[in-house]
Amino acid sequence: MVNGLIIKHVLASTEPRQAVTVKGWVRTRRDAKGFSFLELNDGSCLASLQVVVDAGIPGAEHLPQFTTGASVVVEGNLVPSPAKGQKWELRASRVELVGAADASYPLQKKGHTMEFLRTIAHLRPRSNLFGAVFRVRSRLAFAVHKFFQDRDFVYVHTPIITASDCEGAGELFRVTSLKGNIDEKPEADFFSKRTFLTVSGQLEGEAFACALSRIYTFGPTFRAENSNTARHAAEFWMIEPEMAFCDLQADMDLGEEFIKAMAQYAREQCADDLALFEKFVDKELGHRLRFVVERPFVRVPYTEAIAVLKKSGRKFEFPVDYGLNLQAEHERFLTEEHFKSPVTVYNYPREIKPFYMRLNDDGQTVTAMDVLVPGIGEVIGGAQREERLDQLAENMKLHNLKPEDYGWYLDLRRYGAVPHAGFGLGFERLLMFLTGVPNIRDVIPFARTPGNAEF
RNA sequence: UCCAGAGUAGCUCAAUGGUAGAGCAGCCGGCUGUUAACCGGCGGGUUACAGGUUCGAGCCCUGUCUCUGGAGCCA
């Protein structure tokens with residue numbers, strides 16, 4: 001069944017070809033006297049193949065049904081196109097209607113709004129823009145693996161279902177097979193305890209880094225937060241490298257190198273699709289990606305970032321002071337206006353960061369780092385982990401965590417503890433940054449957000 | 001969850017409290033190596049939902065739902 005050529009390869013031909021078979025969906029048909037033009041797209045690339053169908057060839061009697069959205073098979077010869085707009089066209093010798101699409105087919109030849117296309121998520125990959133988004137998503141998923149595999153990182157599949165709520169941050173989705181009151185007898189549940197969908201593979205990742213030295217995870221992650229923004233989803237993919245014998249500096253180096261590498265890969269491998277994004281969603285895209293690849297990231301300690309914000313003379317809605325979290329408006333000012341560059345902020349006050357981050361010698365700050373990028377804000381959050389057992393226990397006390405709930409995690413500090421570090425990176429936020437698509441729902445095939453699990 | 005805005009034809013949008021319209025799409029016809037083709041014609045509406053004010057509501061008021069933008073939480 002899978003035979004014939006994909007349009008991407010047909011269009012890349014260097015010379016005419018005889019007896020080519022292509023299969024795809026009709027984007028539009030233009031009728032002329034005695035023949036018709038079909039724009040045929042199979043999703044293998046942005047461009048469609050122009051097909052010339054003469055009246056009278058086998059199958060041409062069904063031409064009225066070759067409407068936008070219909071699936072068809074075309075056989076013919078690939079010849080140079082005499083008209084402007086395309087190098088090649090397929091002169092059909094036989095056409096076959098596979099599946100018709102009647103007048104109710106919702107995708108028109110004209111542009112649609114992103115909001116409307118979201119309501120037809122099962123059909124929107126047939127549009128130019130979403131075809132491009134999901135081709136790029138695929139290429140970059142591959143690039144993520146290539147980046148880490150080239151650097152001898154080991155891919156670890158951390159569990160999706162977990163009993164640890166990972167620092168108690170964020171709402172978790174409960175996983176249960178119980179009926180009725182699920183909190184009455186959790187020990188009667190499938191796993192004999194309360195379980196959740198993972199919010200991070202970090203803790204398990206640390207265990208494997210403390211054995212295989214360099215590891216990464218790349219998989220689905222879940223947050224039950226009632227977040228209604230263009231940057232949050234209930235189900236998203238996170239990339240979490242973790243390195244043994246690694247400090248904060250090397251961690252930041254890796255994070256910055258990673259983002260540069262992804263931008264470079266996209267520019268090299270997805271040029272056609274990126275050109276579409278630049279034309280229709282983000283005029284600055286090309287400029288920004290080149291900038292990210294070529295220029296070094298700015299790196300500032302949290303205290304310096306606070307000083308920059310205070311000295312800016314800018315009136316912020318939220319207060320700026322040591323010990324307070326950087327708000328979205330502050331992050332945006334730093335990366336978009338002040339430095340005009342991706343910015344890595346590090347060494348945050350310990351009070352505003354999780355228990356597992358390593359306490360610096362000043363006793364005040366921890367080895368946290370956030371990479372902020374223009375337009376998106378935080379795209380990486382990472383840290384060197386606290387490897388000292390006593391200090392980690394004290395941190396947990398400070399955060400009202402019970403050490404007995406983290407027995408195996410503390411073991412990593414009891415047996416052959418090493419300095420180690422890592423970070424978490426939201427794959428979709430990376431995609432937003434690299435495509436210019438402003439809403440996370442539009443870089444996920446079927447997005448899960450509060451109140452929406454359609455499809 | 002909070003703040004703001006929006007919801008009218010398949011899509012994108014008009015309509016001073018007074019007869020609901022246009023462009024595109026669709027259908028029919030014409031023309032043309034066309035390129036989001038072009039020209040003419042035709043069909044197309046519970047104005048998100050429920051109530052209220054008014055002689056009269058798409059428009060004003062109340063509630064609900066959905067969507068969008070911003071915020072918080074974060075990746």
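When reading the values below, keep in mind they use all heavy atoms of this one structure, side chains included, and skip hydrogens, waters and symmetry mates. Naming convention: chains lettered A, B, ... in sequence-line order (proteins, then strands); numbering from 1 in each chain.
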Residue-phosphate contact under 4.0 Å: A:Gln108 side-chain N/O, B:A36 OP1/OP2: no
Test: A:Glu337 and A:Arg314 ion pair at under 4.0 Å: yes
Closest-nucleotide ordering on RNA chain B, the 5'-leading residue of A:Glu317 and A:Arg441: A:Arg441
Nearest-Å distance once atom C1' is located in both B:C27 and B:G43: 8 Å
Same-atom distance (P) from B:G7 to B:U53, integer angstrom: 24 Å
Interatomic distance at C1', B:A4 relative to B:A9, whole Å: 29 Å
Between P of B:A75 and CE of A:Met369, the distance in whole Å: 12 Å
Pair partner, B:U68 [Watson-Crick or wobble, under 3.5 Å]: B:A4
Spacing of the C1' atoms in B:C49 and B:G40 (rounded, Å): 41 Å
Centroid-centroid under 6.0 Å between A:Phe427 and A:Phe236 rings: no
Per A:Arg429 side chain, nearest of listed nucleotides B:U32, B:C74, B:G33: B:C74
Salt-bridge criterion met for A:Glu257 and A:Arg151 (N-O under 4.0 Å): yes
Span that lies between the C1' atom of B:G18 and that of B:C60, in whole angstrom: 15 Å
Sugar-phosphate only, base, or nothing, as touched by A:Ala233 at under 4.0 Å among non-hydrogen atoms: base
Ring centroid separation A:Phe222 to A:Phe196 under 6.0 Å: no
Touch class at under 4.0 angstrom, heavy-atom based, for A:Thr229 against every strand present: base
Interface with RNA chain B, restricted to residues 91-103 of chain A and to heavy atoms under 4.0 Å: A:Arg91, A:Ala103
Check: A:His330 ring centre within less than 6.0 Å of A:Phe316 ring centre: yes
RNA chain B: 5'-proximal contact among A:Gly451 and A:Gly424 (nearest heavy atom): A:Gly451
Among B:G72, B:A75, B:A36, the one nearest A:Lys109 by side-chain distance: B:A36
Minimum-distance nucleotide to A:Ala328 side chain [options: B:U32, B:G72, B:C73]: B:G72
Verify stack between A:Phe427 ring and B:A75 base, 5.5 Å, 30 degrees: no
Strand partner of B:G51, provided both Watson-Crick or wobble distances fall under 3.5 Å: B:C61
Side-chain N,O (A:Arg118) to OP1/OP2 (B:U68) below 4.0 Å: yes
A:Phe218/A:Phe153 aromatic ring centres below 6.0 Å: no
Sugar-phosphate only, base, or nothing, as touched by A:Gln50 at under 4.0 Å among non-hydrogen atoms: base
A:Arg231 (side chain) and B:A75 (base): donor-acceptor pair under 3.5 Å: no
Sugar-phosphate only, base, or nothing, as touched by A:Phe318 at under 4.0 Å among non-hydrogen atoms: sugar-phosphate
A:His112 (side chain) and B:C11 (base): donor-acceptor pair under 3.5 Å: no
A:Asn228 side-chain N/O to B:C2 phosphate OP1/OP2 under 4.0 Å: no
Sugar-phosphate only, base, or nothing, as touched by A:Pro106 at under 4.0 Å among non-hydrogen atoms: nothing
Sugar-phosphate only, base, or nothing, as touched by A:Phe116 at under 4.0 Å among non-hydrogen atoms: sugar-phosphate
Complementary nucleotide of B:A37, counting Watson-Crick and G-U pairs under 3.5 Å: none
Same-atom distance (P) from B:C61 to B:A6, integer angstrom: 11 Å
Whole-Å C1' distance, B:A57 and B:G10: 27 Å
Pair A:Tyr216 + A:Tyr155: ring centers closer than 6.0 Å: yes
Ring-ring centroid check A:Phe258 A:Phe148, cutoff 6.0 Å: yes
Sugar-phosphate, base or nothing in reach of A:Glu89, heavy atoms under 4.0 Å: base
For atom CG of A:Asn226 and atom P of B:A71, their distance in whole Å: 16 Å
Touch class at under 4.0 angstrom, heavy-atom based, for A:Thr68 against every strand present: nothing
Phosphate OP1/OP2 of B:C31: any A:Lys33 side-chain N/O under 4.0 Å: yes
Touch class at under 4.0 angstrom, heavy-atom based, for A:Gly377 against every strand present: nothing
Aromatic plane relationship, A:Phe116 with A:His112 - under 30° parallel, 30 to 60° tilted, over 60° perpendicular: tilted
N/O donor-acceptor pair, side chain A:Ser227 with base B:C73, under 3.5 angstrom: yes
Contact under 4.0 Å: A:Arg30 side-chain N or O vs B:C38 OP1/OP2: no
B:G43 - base-pair partner by Watson-Crick or wobble geometry, distances under 3.5 Å: none
Base partner of B:U16, which must satisfy Watson-Crick or wobble distances under 3.5 Å: none
Phosphate OP1/OP2 of B:U12: any A:Thr113 side-chain N/O under 4.0 Å: yes
Side chain to side chain, A:Cys45 and A:Asp272, heavy atoms closer than 4.5 Å: no
Counter-base of B:C11, judged by Watson-Crick or G-U geometry with both distances under 3.5 Å: B:G23
Ring centroid separation A:Phe147 to A:His145 under 6.0 Å: no
Pairwise C1' distance, B:C59 and B:A75 [rounded to whole Å]: 44 Å
Sugar-phosphate only, base, or nothing, as touched by A:Gln86 at under 4.0 Å among non-hydrogen atoms: base
